[in-house]
Each structure stands twice: as structure tokens, then as C-alpha cells.
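Quick notes on the structure that follows.
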Amino acid sequence: MMEFGFSISPSSTMNLDKVDFSLYERLCEIEPDAKKCMACGSCSATCTAGQWTGMSVRKVLLDIQRGKEAEAARLLKGCMLCGKCTMVCPRGINTRHLILSLCRIYGEDEK
Amino acid sequence: MGKLYDELSEDYRIKEGLKTCINCGTCTAICPAAEFYRYDPRKIVDTVQRKDDAEIEALLKSDTIWYCGECMSCVTRCPRKNGAGLVIMALRNLSIKKGYFTESEKGRQIYPLTKALNGNVLNLGYCVHPLTFSYSDHPESGPVFEWVLKNKEEVYGRLGANYRKEGPGALRRIPQEDLDELKAIYDVTGGTERLELVEKYSHAKAEEMGMTDEEYLKYTFEYCSDKHFNNEG
Amino acid sequence: MIYQGKQKIWSDYQKEIPDNHWFYVRSCIRQSFFPASERYFMKICRDLLGKDIYETEHHTTCGGIAYHSDTIPQETAMTIVARQFALMKEAGYKNLVTSCITSFGNYTEILETWREFPELEARIRENLWKACRREFDKPEYLAHASDLVYKFRHEIASKAKYNLVDHMTGEPLRVVEHIGCHYSKMFPHKGVGGAEYPCVLSGMVDSWGGQVIDYPERRHCCGFGFRQYLVKANRGYSIANTHKKFESMEPYHPDMIITNCPGCPYFLDRWQYVISEMEGKTYGRNGYGIPVFTYEEVAGLVLGFDPWDLGLQLHQVAVEPLLEKMGIPYNPKTKYLGLNGKEIMKPGLPTVLKCC
Amino acid sequence: MIDRFASGFDPFVIPFLIGMIFVLGYCIIGAIRLILQLDAEDKKKFFLSLITPKTIWKNIKDLFLNCLIHVKLWKRNKLLGYMHSSIAFGWFMLILLGHIECFVYMPHRVKLFYYPIFFNYFVAENEYTLRGAIFFFLMDFFLLVVLSGIVLAIIKRVRSRLFGMRRTTRPTLLDRVGLYSLWMIFPLRLLAESFTAHISGGSFLTIPMNMMFKAFLGDQMNMLPTWWAYSICLCIFMCVLPFTRYMHIPAEMLLIPFRNAGLTIKHARRGFAKAQVYSCPNCGVCIDACPMSIKKANIKDTTVYLNRNIRRRNEQRIEEISDKCLLCGKCTAVCQVGVDGPQMRIAQRSIRNYGLDQDYSGMDISAIKESVASEPSKDKVLYFAGCMTQLTPAISRAMESIFRKAGVDYAFMDKDGGLCCGRPILMAGRFDQARQLIHKNKEVIKASGAGTLVLSCPICYKIFREHYKLEGIRVMHHTEYMLELVRAGRLKLDGGAGSIVYHDPCELGRGCGIYEQPREVLRQTGELVEAEANRDMAICCGGSLGSLTLGFDKREDLTRNALHNLTVNDPDTIVTACPLCKSTFARYADKPVEDIAETVDKHTK
Amino acid sequence: MKDNIVIVGGGIAGMEAARQLLLLGYKPILVEKSDHLGGHVADWHCLFPDMTPAQQVVKDLTEQIKDANIFLETEVSFINKMKMGYNVMFSNGVNVICKAILLATGFDLFDASKKEEYGYGIYDQVMTNKDLEHWFNTGDDKRITGKDIKKIGFVHCVGSRDVKAGNQQCSKVCCITAIKQAMEMKERFPDAEVYCFYMDLRLFGKKYEDFYIKAQMESGVHFIRGRVSEVSENLQGQVIVKTEDTLSGKPAKITLDLLVLMAGIVCNREAVQTASMVQVPIDSDGFLKSRDNILNIIETDSKGVFLAGTATGAKTIPETAAEARAVALAIHNYLVSQQ
């Protein structure tokens, strides 16, 4: 085979046909309010941890909705669970418990 | 409103390509670069329209603005008649003018590009020419083109090109007086100045990186780190 | 797919193309990679159709590639173009036809920018005068060479010796068309058929007997991206785009690809070779690739010119299986001959992609 | 006084013996298990406490006051107190006196441990003998005391409100068996002793009864069956005891020494925690105390149900109950045996399996450190507003203003955003994560060189006080600090704030015992009125971070109830000392809600 | 002639105005170019937010205006200004002299095929909001009937907020219509995944936000923030939609069995002609120009010429009805002042 000095770049397009909704669906069973999110970003704006760890509830939820579990996990690890996001959520989503629930579901597959 | 933005807004491509962006994402949706690079034209246009100098400066020094392929697909779909591609061109222009391009890996590639393309334009009158197209730099041109390059006169001759000869036709030798005119145009319109600028900043960067100009040329032409791709997660 | 829907859109984008007296400007890339295409454009127009196509040895590159690789300022690019206009004026022509899509896009953009910002045009006039002591008139009509071939497609069809059909079965060939991005994406009304469903090539295919395939990534760029190909470090981007297109068209089993852009046929052809080397994958039948043609090459084939005179031996993807399918005779022995039938060495063969 | 039977035995004692041996065996084994479950450190503490005179005395005192006299219940409701202490103390005295009698009169029978219980059956005595009269009287007297308690208990079953209890738990089947056997024990004893009174003697209860029975029943055929019944009842009660709420009786005897030894809950289900679970008498006092109970749906989420479900190992319910709780601590404040509801729940939360753990090790906080860093100085104050205060900037502004007015040299630790104190994540039972945050914050505090750390959020304050171990640095809530400034004359208040009601934030009041400091400050700021329930009886605002699952819409009623409690005396302003209480109250209050810092800042001369 | 009032347009605005004028004792002349009253609403199935049957609304209104002079399949041929009013010539040959003209000319639904990249009229499985309502009403559409529909997409802002499509304005009703239709489709195809591609969700009206939450909570509609950029068709005849998931900042694509385009509200092109006969110009937003856009939206600079409904811009039905009532009063006041 020839050596060309480059290789085909990987695609980043999100193929929504192939999104694995299982984690999101599991989350919605525990936390049906997760479906209510309108991505306003209040949670991320107020997040104590965000400025230090990049945590953003909005992004976590979005990543879960898009089947990007690893990315969501990376963000979740930076949560300090202070609960400000819950206080500011205009849709009254219990984001703090949502985070805890997610942290638990992550382990479920391995069991 | 910042100075950089003011300078940017002088550019006709900004006048044409940046009205008001509503962040709808039609540009990114079909952008070839957004698919293969860590790149989002929507965000770039949004950054520019925020007119924050610090943000714009960061942009000018980043790899981000160098990912676009200038295919202009974004122009077709924008509901506000913006052209992200045009904005990018203006940003690149400013990045070069300010010497910020040497701050990023992709920006530094301006050096080999400038040398090769303008060398061709000024010496041959073409942007691309078989004389300066080497197979070793272009292994993807295939064994067939290796063969063409080895037999330029024969192959081009057989296909009716006027290869390196006087008079009209494909690959003809462009008369010196016309090349002189091109040089004069470069002189008058800032093209020459641009070449010198790129040369100057690149030379400085090469020194900073501890390379000779030749090493720097080869390095910028070939080196690709893996931080550019956008497929994580 | 509802064909009538497309026809309706095509009718909205009918571009006015005068049928004679053109000032021709060449393409840097095309003359390097497809030198015979430009020659056959002239030949068909002049000899077959009796049109007046003028070329001067004094014209140069438009600087489009240098401009889109961001190595020259906008004013430099504009002044170079202004010089071409001046040559046209001096030669007494008013219609400009470009061989290159990048040039076509460049010229169009410049004219549109001047229309919007007349002060810029004035400055360019001044620049040109200062640098070259020349004056220019803007062309009355600007066309891409494929526009002309599109316009004359029926005449060509009437003189055709072969059609884009499988001569054994009579089935139309399945043709993928690929339009250069700068043809109409920036200014949909400057292209025949607009930006979404351009018919400049599909019109040719239709009238020459082929069947156009509309596959999902039809509109996608070939991936040239100027700096993205020209710098070796970036070529992964370039090939990734072509790869994406081939993956999308593969299920349709196209027989051939027709293009109107300088770089696209080169990339669509060569990246097939590189993909075959990198991934061992080929997109045509029996280990061959899908042959990629310029519109002049297709016109030339239809009109019965010798494939090797058309320069098809410069493709990396072998065209022979297609020639056989169309029933076009060819002489394998003369494929790689030099000037005046001189025997020269033959090119090497790719490892994976089958060649003849 | 003589033995009626040479053998000193009758078969009817067998049921009692069975019950007694069972319950004693059960309790002793149980106690040993619980003690063994303690970790090494706690074990050491426990045994040390058993030989330390101070704790010995405290144990005795607590056992007497809590287990026998039920002083806490007296404080709560006299009738309830009397009911409990009459039964517990009366019974205890019956047993004690029985033993003394036995010891005095029948020393050779002392080792038969059924003997003192059925003393009256086994001895023959004449009531006119002076020697027995006093004991007989006392025995009858305490039996009467117990019986009066039983009567009250029966009334309480029907009308619990008389005893100050609105809601209580429903007894289980075994509870009922235990309860009815308990109720039956003493009437049967009375009956048995009455039937035997003409032989073994009696006093003002048993003698007349004996005579009455003679008149009605005529023969003495009933004597032995009643003693059998009495013994069987005792047996039933003792046999079911370990499986009923009455287990609290022996368990509390272990819990008190545990607590006095200074143990904390280390494991959700073992040792100290287990002792608490078994000590829960299922009285249901916590139901009325729980702020969530104003909604019927929450009643079964109170501490008593947590204990009950832990005993039943109903994991799903344990989780629901643990997660819902606001951790306001009021159940603990009212609990007779001192079950620590919040700690119990946090412990339950801590044993969950998480697939994903927070990790802050890669976090770079040098920016905060740099922003506060300075030379160590005793006088320097470091102010930490905390996450919740970021949402109520009026508080931090007021604090800064106060600092300036009092001329305090201060640094604002989280002016541009800080880290969380760790308390919320601790409340979620994630101890390691909390430790990481504590560690990071300590780095900043140390770098600041401050001598005093002032906090405006009680949630932060509690963890800073209990877990940070900041040697050499005073940790103060802003209420304390303001009082200090006022007392030192650095802050002069004008008293013009009108009438103020002060809400005791859970974490500050019950959590840290700060009740007086804010009141002292507020008395100088305006006219302080009290809420209906205040201090350690204060009602949580409903906004607590303690609850993990209580949704936003489920909290409104709680807040409204707390507000109602606060405004009974129609104050002009509601003042609290917690940013979370403030924003929670402000959502529904029709009166202005302020943090004490704002009030003080506004009314500084 | 005394109190003749001509109402041009028999949609909701025209009908409601006629109803009010009848109540005020006038006998308005209502001309409608199509063969039925009710305008676009007559083509609709159910109306948000209470899922009121559209036919019922039209029927009730029709019932109440039967005393008016109604000319169906009639257009205005020309209007001459006279000293005291207008001379209006209808295409049916009737000639009326009137004092007041009400232009209740309504809107045109944006021609979705103009948004070429969405392939309406080219790709088999692309339809508009109106087509879908038609299917709700008749059950007849080859794009849906008998098809296995597993994934449905709704594209917001088709021909709205789009300079290139010639309409910069927001059409106001598409967001809520998309959500309504998404929920209706989810009801009919419970196993289908439904996607809404939006730029902003403009849910300003009464109970609209409730609708939105319901769509999220009960119907599980996926909302993706990004304007659809390109649609193509695959070999199976499904449509492939490309958009940017702007919240993720990544290009996204999805294959759908049905794509519904929320065609927006644009000015009725024929109305422009009629308006020009009475010197009512076009405002910068492309709709008929009112005297002013705050308090005199229903009046024009031409004496005796009034406007109501979507002739002046996108409106909901209740807004249109309210305007129609207001315009009836304005006409009445005008006629009284003229006596």
C-alpha cells in the first residue's frame, strides 16, 4: 500500500438515525421531567462547578439525548451537586436529582 | 466595538458577507469543514458580530479560521444573506496582515501556500503548473500522473497543448511582458507587500521554532497534529 | 423523486447565454490535468458548431486559486481579473467565457461586488491603469464553458455518434453529475438551473441519452478546499469529502460521473485511487473505479472522437469498461503513446484499483 | 413469711421462663453483635466510656430519666409523659420491689429469677404482719400506677389528640399482639394477686378485690388459672418483643451508652445506626414534627417509617424515604430516644452504588487562591458567600457594606465564583467527593492568611464547623460575627426596623445550635416577635437542599405552611439568616423577606 | 348607496367583520374569490390551543352572516374613487357604490417549492402543513396513506424569517402549528419518532407553552435547534435532512419517512392589486400598510378604506377576529361621522 502522508479525516456529523436513546429513556423513567428541558441554559449559567470543571446540566442532558454517554460522563464528573441549577430551572426540573440518577444509571449496564 | 472589528469591517467581504446572523446553523449543517474539523462557521460569524476585540483576536490567532475550504456552500442557504465563507476570508486576510497567522499550526501553512502559488503566478502566469507540481509532494496524483510528469512534452504535445511555446493554447509560455504586468499589479495592489509580510513573519516564526526557512517550509507543508478533528464523543 | 418539480425549478433559472463571439480564458488546473478538454471545447465550438471563440496568448491566470488560498489581497485578485477584461475589450469582445469554475465564480463575485460597491470598481480601474496602463469594460455576458455546451447540447446530440446508453441493452447509463461549488452556490441565478438542482450538466446528460442520478450527497463539495488540498498536511479533509460522496452514491451503481469544475474530476478520479490504496475499496464494478469525465470529454465521446485524443489516458480510473459499455471502439495499443505516435514508457499500475 | 411450696416451683412459671430466657438471650446476643459491628475507633470509645466515671454517671442518669421517667415526653405533653413513665417506672418498681422482697424475705430463692415476679404466689403471709405491709402497699401502689398508665394507653389508642399527637403510626399485627399482651399483663397480675391475697397477703387493691371475688365467685378455683394467664401474657409479650416496636425498651438501654460514648453513624445499617433503628418506639412523634407531613402523601416518609423499613429491609422504600427528606432535623429534635433522622438518611444515601463518581482532582483553582492570598493576620477576615448567596447577591452586598462600615479588613473568597463548600454533596451521601472539595477550599483558606472565616450560608457554616478542621481560624456564621461587631461597638444599630420575626434556618439552629445570636442582634434592630414554632421547633422553609427527590411543585405547600407559622404575630418583616430560606420564602411571602445581614446593614447608624 | 360596505375577502376577518356589521344594523356586501367562505381556516382540521374543529368555527360564522350579501367566486375588477365613496365593480358584473371598503384579503401560504433545498414537489415524502391538515380532514394523501411511517420531521420557518425566500417576518403561528401537528401525528403513529427543527420556539399565545410542555412530556417530540439546511432523497424514497444541532454545535443528519414543511404566511399577492386600486400601499414588511402600526392598524391613509386580519401581517385567529370586531366599530364610527 502507498504511503501518502495523510489519512481520511473522521466525520463528526451526528447521525441521528443511529442515536442510542436507551440511557435517555432510562433517565426519563426515573426523572420524567428531563423531557421538559428547553435548553435555556439557566442551569449552566448559574453552575458553581461550571467555571472550574466545565459542568453544564444543559449539555449533559443534550449529550444524553444524542447518545453521547462518554461526553456526558466527563461533564458529570465535574458536578459539585450544590443544587443551584435546580433552584433556577424555569421548568422546575429537579436537576440535582437528575444528575444523581444519571450517575447511578451509568453503573447499571455493568451489573 | 473594537479596533479589530473596525478594521475587519473595512473589508468588502465583511460588508457583503456579514449582515445579521440569527445563529440558525444552516451554514454549519452543510459545511464540509464542520464535518471534518473542529469547526462551526455559525459560531465564527456570531463571534465576529459580537464585535469583541479579545474574542476576535483569539480567533485570528487560532486554527479555527483556517479550516474553511472556501467552497461557499454556506452562502447558498443563509436565510439572512450572510456568507460565512466571506467572513472567513476577511478574517484570514486580517490574520495575515497582523502577523497572527503564525500563531496557529494551520495559519502557518500560509507560508508554503504563498510561496508556491505566487511563485507560479509571477514566474509562469498560472496558479498551478506541471513544472512546479512534483510527484513527491503529490503522491495521490497517481502513477498515471507520475508518468505525465516524466513525459511532459510528449504527453501534453500529443494532446494538442502548446506546452511552453509561444502563441495561444494550453500550457503555453506566457509572454514576459504579461508576467511583468502581473508583477506590476502585485506591486500596485499590495500583493507584493503581502508576500513580503508573509515572508517576514514566517521567517521570524521559523527562527523562534529553531528551524531554517527550508525546514519550516517543509514542516508547515507536512505537519498535521491530531487536535483538529471533531469526532470525539 | 418528482421530475416535474425539478423542471419547474429549472424554468425559474434560465440564464441568458448569447450564442456567439466569446472571449475564452483558460483554467490553470484543467490545462495541467485535462489539457485536451479545453482543446475539444474549442474544437467543438469552432469546427463543429462554427462559433467564434477567441483566445489571446496574453491572458493569464485569474489568480483565483491564490486568492482562495488567501495568499493575495482581494484587490490584487480583482485587478488581475480587470486585466483580463481589458484584454477582452482590446480584442473587441463583450462576452467572456471561462474554462474554470473558480474563475467563473471569481469573475461573478467581482462583478457583483463592483455592482454593490462602485467605489471599489473605480479603485480597481485606477490600479489597472497604474500597473498596466490598460482600461477595461465589464463583460456584457459572463458564462462558464459548460453553459455553452449546455446551450449547444441538442446540436451536439444531433451530431452524436454514440449515446450515453448501454449499447447491448439499450438502457441509459446511470450518470452522476457533479457541479463545481463556485458555479452557482454563491449566486444561484448565475448558474443554469440554480444552486439546488443545477441542470447545466444534467441537461447534457438528458439530451445525450443518459439517466441522471440524484443521490443524497449530490450537492456536496469534492473537498478541494484550496489550502485543504494544496497543503499536504490538510489532504485528509479533501479526501474525506470525496469519500463521503462515493459512499453516498455507491448504492446507485453509477456508470460514470460528469463534472464541470477544474479540480473536481481530478479529485473524484484520484481520490478513488487513494481510497483503494488506503482502504482497499473500489466503487465501480469488478475492482474498477467509476470513471470521471469533464463535460468536454463526454461531449467528445458522444461525438465520436478518439478517447486517447480526448486525453482519457490521463485518468487514473480506467475508462475502458465504460467505452465498451457504450460501444465506443478504442485501441489499447495507442493509449500511452507520445507525440506523433512515439512509444514512450507506460505508467505504473495501482496496487488495488484495476486499470487497463 | 414462708414458702408455700417446698419446691418453690409451679409449672405456670414455665411460659414466663421461656419468654424471659428468649428475650434476654435475644437482647444480649443483639447487643454483642451491635458492639462488634462498631469499628475499632468506636469500640475503643465505647469501652472507654464504660469505665469513665463521667460517662458512667451520665449513662445512669440518662437511662433513669429517659427510659424510666421519660422526661422528654413530660415536656411535650403531661398526659403522654405520665402514661409512659407510669408504665415504665411503675413496672420497673414492681420488678425492683419484687426483688427486694425476695431478697429480704426469701434470700434462698433469689437465684430463681421467676421467683420475685411471682412472689405472691409462692409465699404465704398475713397482711397484718407489719413486715410485709409496707411492701404489699408499695406493690399495690405501683401496680395501680401502672394500671392507670394502661388505662391512659387504652384511651390514647382511641383519642391520641388528647396526648398532643395528631398522627401516629399504625401498629403492625405483632405490635398489636405485643400491645394487647402488655395491656393484659397488669390486670392479670392484679387478678392473680387478688386471688392469692388471702394466702400471700396484699394491700389496698388486692385485699378488697380478694374479698369481692370471694363474695361473687365463692371458690378459689380461679387462682391458678389467673397465674397461668399472667405468666402466659408475660411470655407472649417477651416473645414478640424483639419483633415489635417494644424492642425500643432494651435497645435504648444500649443506644444511650453508645451516644454518650460519642459515637457517630459510620455505617447505614450496622452498629450505632442499628441501635437507633431498634430504639425507635414507633411513637410517631416525628410525623407531626416533620414539615413534609402537611401533605398526606409524605406522612409515610418520616423517620419512624425509615426505621420501620430498615427493620423490614424494604430497600425500595428505604431509598424513597431517605431521598425525600429535607434533613431539617426536626424529627431528631422531638424524638424521645434521639434517633438522628438526617444522619440516618445521609448514611442510607452513602451506601448507594454509583456508576460514576465525581472527581475534582484535575481542577485548577489557582485563580481563587491568588485572588485572596496575603500574609497571615489574625485580624483579617475571609468572607465566603457560598453558592446559594450567589443567587441572593443582596446578602453578600450587605455583608460587604457591613464589613466596610465596621472597618473590617476582609477578602471576598468567592467574589468571582468559588467552589462549593461540600455540604450539599455530603448530604447526598457522597463523602469522598465532599472531602475533595473540603481539601480544595482549605487550600484557599490557608492561602488567605485570614484569622476569621465568615460565612453567610448556614449550609456552608455547618460543614465548615464540623468537617473542615481549620486550626487557628475562627469559623463564624455572619449572625455570630455581626453580634461580635455589635458587642464590640463597631456596628451601631438604630432599632428602626419595625417588627421582625426571625426564622431559624434548620442548618443554623438545629444544625449548629445558633438561636440567640441573631435574636440579640435583631432586638437592637427592631421589635422582635416570635413565630409560633421557633428555635429548635422552627419549621423548615421547604427549600432545603437536603431533599434529593422533592420536586419544585411539591415544596410550595411546605413553604406556605412555614410562612404561616412565621407570620402568626403579624410581623412587618420576615428575617432569616440563610440565603436559601430567603429565596424560598420570597417566592410565596406577602411580606418582605430579608437576610439578617440586609436588615442590619439597612439599620446601621 | 347610503351605508353600503364592501368587504373584500371571506376569511375569518371578513366574516367576523360582516357579523359585527350585521349586528350594528348594516348589510355588508362580502366578496370572496373562492367557492367557499372561511379562507385558509376552512382547509384546516383542528385549531390550537383547544383542538376546536376548524369546520365548526367556519360553520358557526357562516350561519351568523347569512343575512349579508355574499358573492362567492367573485373578485374585485376595479374600484373608482368618487366624491363620497367608491364605485366597486365585481367580476360577476355587479356594480356597487359604497362608502367604506374593508380589505380583509388575508394571506397566501408561502409556496414551499420556492424553498428549493427542501425539495417540496420534488421529493416524494415532503409535504406542507396545509397538506397535512388536508390529510387529517380527508385521510387521503399518498405520502402517508398506507405508508409505514416511523420517523417524521417538522421544519419550522419555511418561508418565514428568510430574506432569500422573500419574507423576513415571523409567521407567528407555525411554531404552535408544528407542535400541534407533531402531537396529532404522534397520536396517529404512536411508534413514530417525531422531530421538530426550529430556530426559536415562539410560543407567545394563550396556552401555547402548555402545548409545548405537553409535546415534550407526553408526546416525546424531539426538538432540535437548527434550521434545516438541505433535504435529499435516498434510494428507499426516504428524505435525509441536514441541519446543525446548534446546541451541540455539530452538523447532524437524519433519515425521515415524512417531512412536513411549516409554510409561512406571506402577503396575498392578489390583494396587493386590489389595495393599489384604493391607494393602499405595501409596508416594508411586505404586507398592506396601515395608517400606523400601533393604534391604527385597521385604518389606512385612504379615506373609507379599512384593513383587518392577516392582510397587515401574520396573525392568529383570535387576533384576526378581534381586529375584525374593531374594524366593524371603526367603520360604523366612520359612517356616522360622514352623515
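Chain letters run A, B, ... following the sequence lines, proteins first and then strands; every chain starts at 1. Small disclaimer: the values here were computed from a predicted structure and weren't measured.
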Under 6.0 Å between ring centres: does that hold for [X] and [Y]?
{"X": "C:F226", "Y": "C:H182", "answer": "yes"}
{"X": "C:Y24", "Y": "C:Y54", "answer": "no"}
{"X": "B:Y111", "Y": "B:Y216", "answer": "yes"}

Practice prompt. Could you tell me whether C:K346 sits above the aromatic face of C:Y336, with NZ or CZ closer than 6.0 angstrom to the six-membered ring centre and within 45 degrees of the axis?
Written response: no

Worksheet item: If you draw the axis of the six-membered ring of C:F136, does the NZ or CZ of C:R125 fall within 45° of it and under 6.0 Å from the ring centre?
Response: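 Yes.
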
Would you name the heavy atoms of [X] and [Y] that are closest together and state the gap between them?
{"X": "B:I30", "Y": "B:S73", "value": "CD1-O, 3.6 Å"}
{"X": "B:K152", "Y": "B:P130", "value": "CD-CB, 3.9 Å"}
{"X": "C:R26", "Y": "B:A170", "value": "CZ-N, 3.3 Å"}
{"X": "C:C355", "Y": "C:A318", "value": "CA-CB, 4.0 Å"}
{"X": "B:S202", "Y": "B:V198", "value": "OG-O, 2.7 Å"}

Look at [options] and state which one has the largest set of heavy-atom pairs under 4.5 Å with chain C.
{"options": "B:T192, B:D178, B:L117", "result": "B:D178"}
{"options": "B:Y126, B:F221, B:Y67, B:Y223", "result": "B:F221"}
{"options": "B:N151, B:V148, B:N118, B:D180", "result": "B:N118"}
{"options": "B:L113, B:V75, B:T114", "result": "B:L113"}
{"options": "B:H129, B:K106, B:E146", "result": "B:K106"}
{"options": "B:E166, B:E153, B:R173, B:R77", "result": "B:R77"}

[X] versus chain C, the contacting section by heavy-atom distance below 4.5 Å:
{"X": "B:L182", "answer": "side chain"}
{"X": "B:F101", "answer": "neither"}
{"X": "B:L86", "answer": "side chain"}
{"X": "B:A33", "answer": "both"}
{"X": "B:E105", "answer": "neither"}
{"X": "B:L195", "answer": "side chain"}
{"X": "B:H228", "answer": "neither"}
{"X": "B:Y156", "answer": "side chain"}
{"X": "B:C68", "answer": "backbone"}
{"X": "B:L159", "answer": "both"}
{"X": "B:Y163", "answer": "neither"}
{"X": "B:N162", "answer": "neither"}
{"X": "B:E193", "answer": "neither"}

Name the option with the most non-hydrogen atom pairs under 4.5 Å to chain B; the candidates are [options].
{"options": "C:H315, C:R219, C:M345", "answer": "C:M345"}
{"options": "C:H58, C:E112, C:E38, C:E75", "answer": "C:H58"}
{"options": "C:N340, C:L349, C:N241", "answer": "C:N241"}
{"options": "C:K130, C:H59, C:E126", "answer": "C:H59"}
{"options": "C:G338, C:S27, C:G194, C:P350", "answer": "C:G338"}
{"options": "C:L128, C:L337, C:T61", "answer": "C:T61"}

Worksheet item: Could you state the interatomic distance from OG (B:S95) to OH (B:Y201), rounded to the nearest 0.5 Å?
Response: 10.0 Å

Response to the item:
Between the CG atom in B:L60 and the CH2 atom in B:W66, the distance rounded to the nearest 0.5 Å is 9.0 Å

Fill in: Proximal component of C:Q316, with respect to chain B [non-hydrogen, under 4.5 Å]
both

Fill in: Contact origin within C:Q228 toward chain B - heavy atom pairs under 4.5 Å
side chain

Discussion item. Under the criterion salt bridge (Lys or Arg N to Asp or Glu O under 4.0 Å), I'd like the reasoning laid out for C:E121 against C:R115: C-alpha separation, chi angles, the key distance, then a yes or no.
Written reply: CA-CA 8 Å; C:E121 184 186 336; C:R115 199 166 54 84; over 6 Å; no

Item to complete: Could you tell me how the ring of B:Y37 sits relative to the ring of C:Y237: parallel (under 30°), tilted (30 to 60°) or perpendicular (over 60°)?
Response: parallel

Discussion item. Treating C:T242 as the side-chain partner and C:I239 as the backbone partner, does any N or O pair qualify as donor plus acceptor under 3.5 Å?
Written reply: no

Discussion item. Here's a test for you: under salt bridge (Lys or Arg N to Asp or Glu O under 4.0 Å), which of B:R92, B:K227, B:R38 qualifies with B:D63?
Written reply: B:K227

